[in-house]
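Keep in mind that what you see is a predicted model, and the values were worked out from it rather than measured. The figures that follow rest on heavy atoms only: side chains count, while hydrogens, waters and symmetry mates do not.
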Amino acid sequence: MSMHQAAHSKVNRWIIVLGTIIIQMGLGTIYTWSLFNQPLADKFGWELSSVSITFSITSFALAFATLFAGRIQDRIGIRNLTMISGAVLGAGLIASSQVSSLWMLYLLAGVVVGFADGTAYITSLSNLMKWFPERKGLIAGISVGAFGTGSLLFKYINGHFINTLGVSQAFLVWGLIVMVMVIVGSFLIKEAVMTETPANTNTPLHSQKNYTVKEMLRTKEAYMLFVILFTACMSGLYLIGIVKDIGVQLAGLDISTAANAVAMVAIFNTAGRIILGALSDKVGRMKVVAGALLATAFSVLTLSFATLNAGIFFICVGVIAFCFGGNITVFPAIVADYFGLKNQSKNYGIIYQGFGLGALAGSFLSVLFGGFQVTFNVIAVLCMISFLIAIFITAPGQRNESNKTKESVLKPHYNAG
């Protein structure tokens, strides 16, 4: 590659970063859903709990979509895929402005929006990581951080639309903005073309085998990673869903003080994504994950057993949110480290089901056993088990270092065009 081409590919890579950030910020806006619950319940006379189920459906559809996204991308390419996903996502939100029944809300704002969001999320993230194989943790942090930033900004934007236009019209404007963001972003991204190169080209980062989904599922490490991600997501997502209630019931805070925890979770979650993502490139990803799981376990046990005041409550909440943000950022890079970059969308799509199941498990346990404490204790035990896995797990085939040089590996090929 000539100096000119190298410089050109550098420019191209950062344009792809910009495009991915715009896409991910648009996708992250779905995390403002809690703003819509009460206004919808008031407008249509629905039960608040029935309306709030919508976001559980969205989260599950998002995770489920990641199973198919990689295969769709293989057929139509990353740009077409994100463009179509953006159009469907926007259309689902725009159509939600016309709903008058719960099942239509579940179908449009739940299934359609969630599926489109998950499809664009995992493919644009995986594509960007292929362009930066030497900085996977940092790049995952930027991409997943943009998703979190989108939810932070749109808390205010969507809140303004609901207050000024009413809840149904807010869906219409939100849908139009997101559609434009994702489609504009898709014009800036470019598929990372993978080319075979011999293994002895001084690229130790990539001298591992590129696993297919079937090959990955034959390794014990795939299931260990699933358990860790499930635990990390269950602890983070359960807390995010009920943080205000914990503040009132366990820490004795008034409602307005406890409501500050919602903003704090968003800020610490985003900070964890960027800081721990970049840190994982330097100190090792599993060390970051192990530390985050240990900190989460201590924080959850503190919430469960300590006499809480505002200070202790906010520290624990901040730590859990920070660690959750970090863990879900580092995970795409871990899957790429363990199973290769070539099939990243498909492989991470399988492991990512831990996110969807983790989202449901905390709430399910809480209903089953009644109350926060039992759920917190289960989360603490799972965190300790996952901590032990994180300490001892190694990449599959790492013991067979000598065999690696016989394999052909994949490196991104940067087109100058």
Side-chain angles (χ1 to χ4, degrees), residues 16-36 54-55 58-59 61-63 65-66 69 81-83 85-94 96 109 112-129 138-162 170-189 233 236-237 240-241 262-275 277 321-322 324-326 328-329 332 352 355 359:
I16 295 161
V17 171
L18 176 64
T20 308
I21 286 171
I22 295 168
I23 291 167
Q24 291 283 346
M25 282 180 72
L27 300 177
T29 62
I30 62 162
Y31 276 80
T32 61
W33 179 261
S34 59
L35 298 173
F36 289 81
T54 311
F55 190 65
T58 311
S59 298
L62 190 157
T66 62
L81 177 67
T82 48
M83 210 178 289
S85 297
V88 173
L89 174 61
L93 291 169
I94 291 165
S96 298
V112 173
V113 166
F115 200 91
D117 204 282
T119 303
Y121 169 76
I122 197 158
T123 49
S124 58
L125 165 64
S126 299
N127 183 64
L128 189 62
M129 284 169 60
L138 173 66
I139 287 301
I142 290 171
S143 183
V144 181
F147 190 92
T149 307
S151 76
L152 262 180
L153 289 176
F154 272 77
K155 275 201 166 94
Y156 303 101
I157 295 168
N158 279 347
H160 174 71
F161 290 149
I162 291 168
F171 275 117
L172 178 68
V173 188
W174 176 22
L176 285 168
I177 293 173
V178 168
M179 188 186 283
V180 169
M181 283 176 78
V182 178
I183 290 174
V184 166
S186 70
F187 280 109
L188 300 177
I189 66 172
C233 291
L237 293 168
I240 287 166
V262 177
M264 203 177 112
V265 163
I267 292 162
F268 275 81
N269 186 356
T270 304
R273 292 170 186 220
I274 295 162
I275 293 167
F322 185 85
F324 167 66
I328 61 168
T329 300
Y352 193 73
F355 180 98

Worked check of side-chain contact (heavy atoms from CB on, under 4.5 Å) between Leu125 and Val144: CA-CA 8 Å; Leu125 165 64; Val144 181; 4.2 Å; yes
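- Closest non-hydrogen pair, Phe36 versus Ala170, comes out as CE2-CB, 4.1 Å.
- Residues satisfying the side chain to side chain contact (heavy atoms under 4.5 Å, CB included) criterion with Val265, sequence neighbours excluded, are Leu239, Ile240, Val243, Val317, Ala321.
- Aromatic rings of Phe161 and Phe171 (six-membered ring for Trp) have centroids beyond the 6.0 Å cut-off, not under it.
- To the nearest 0.5 angstrom, Leu188 atom CG is 5.5 Å from Leu18 atom CG.
- Of all heavy-atom pairs spanning Leu35 and Phe154, the tightest one is CD1-O, 4.2 Å.
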Thr20/Ile16 under side-chain contact (heavy atoms from CB on, under 4.5 Å): CA gap, chis, key distance, verdict: CA-CA 6 Å; Thr20 308; Ile16 295 161; 4.1 Å; yes
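- The aromatic rings of Phe55 and Tyr31 sit perpendicular to each other, their planes meeting at more than 60°, with 30° as the lower class boundary.
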Stepwise side chain to side chain donor-acceptor pair (under 3.5 Å) test for Thr58 and Trp33: CA-CA 10 Å; Thr58 311; Trp33 179 261; over 6 Å; no
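- Phe322 meets the ring pair (Phe, Tyr, Trp, His ring centres under 6.0 Å) test with no other residue; sequence neighbours excluded.
- Among residues at least two apart or in separate chains, side-chain hydrogen bond (donor to acceptor under 3.5 Å, both in side chains) pairs with a member in residues 138-152 are Gln24-Ser143.
- Annotation: side chain to side chain contact (heavy atoms under 4.5 Å, CB included) contacts of Ala116 (sequence neighbours excluded): Val88, Leu89.
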Check against side-chain contact (heavy atoms from CB on, under 4.5 Å), Ile30 and Leu62: CA-CA 10 Å; Ile30 62 162; Leu62 190 157; 3.6 Å; yes
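- Here the side chains of Leu138 and Ile142 are in contact, with some heavy-atom distance below 4.5 Å.
- Heavy-atom minimum distance, Thr329 versus Gly277: CG2-CA, 4.0 Å.
- Heavy atoms only, all atoms of each residue included: Gly19 and Ile189 are closest at C-CG2, 3.9 Å.
- Across all their heavy atoms, Ala140 and Met129 have their closest contact at CB-SD, 4.3 Å.
- Taken to the nearest 0.5 Å, the OH atom of Tyr352 stands 7.0 Å off from the OG1 atom of Thr66.
- Between Val112 and Gly92, the shortest heavy-atom distance links the atoms CG1-CA, 4.1 Å.
- Rounding to the nearest 0.5 angstrom, the gap separating the CG atom in Leu93 from the CD1 atom in Ile177 is 10.5 Å.
- When the side chain to side chain contact (heavy atoms under 4.5 Å, CB included) test is applied to Phe187, the partners found at least two apart in sequence or on another chain are Met83, Ile183.
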Evaluation steps, side-chain contact (heavy atoms from CB on, under 4.5 Å), between Trp174 and Thr32: CA-CA 11 Å; Trp174 176 22; Thr32 61; 4.1 Å; yes
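- Ile157 is not listed as a side-chain neighbour of Thr29, based on a closest heavy-atom distance of 4.5 Å or more.
- Proximity of a side-chain donor or acceptor of Ser126 to a complementary backbone N or O of Thr123 within less than 3.5 Å is not detected.
- Evaluation of the side chain to side chain contact (heavy atoms under 4.5 Å, CB included) rule for Thr119 yields Ala65, Ala69, Leu81, Ser85, Phe115 as partners, not counting sequence neighbours.
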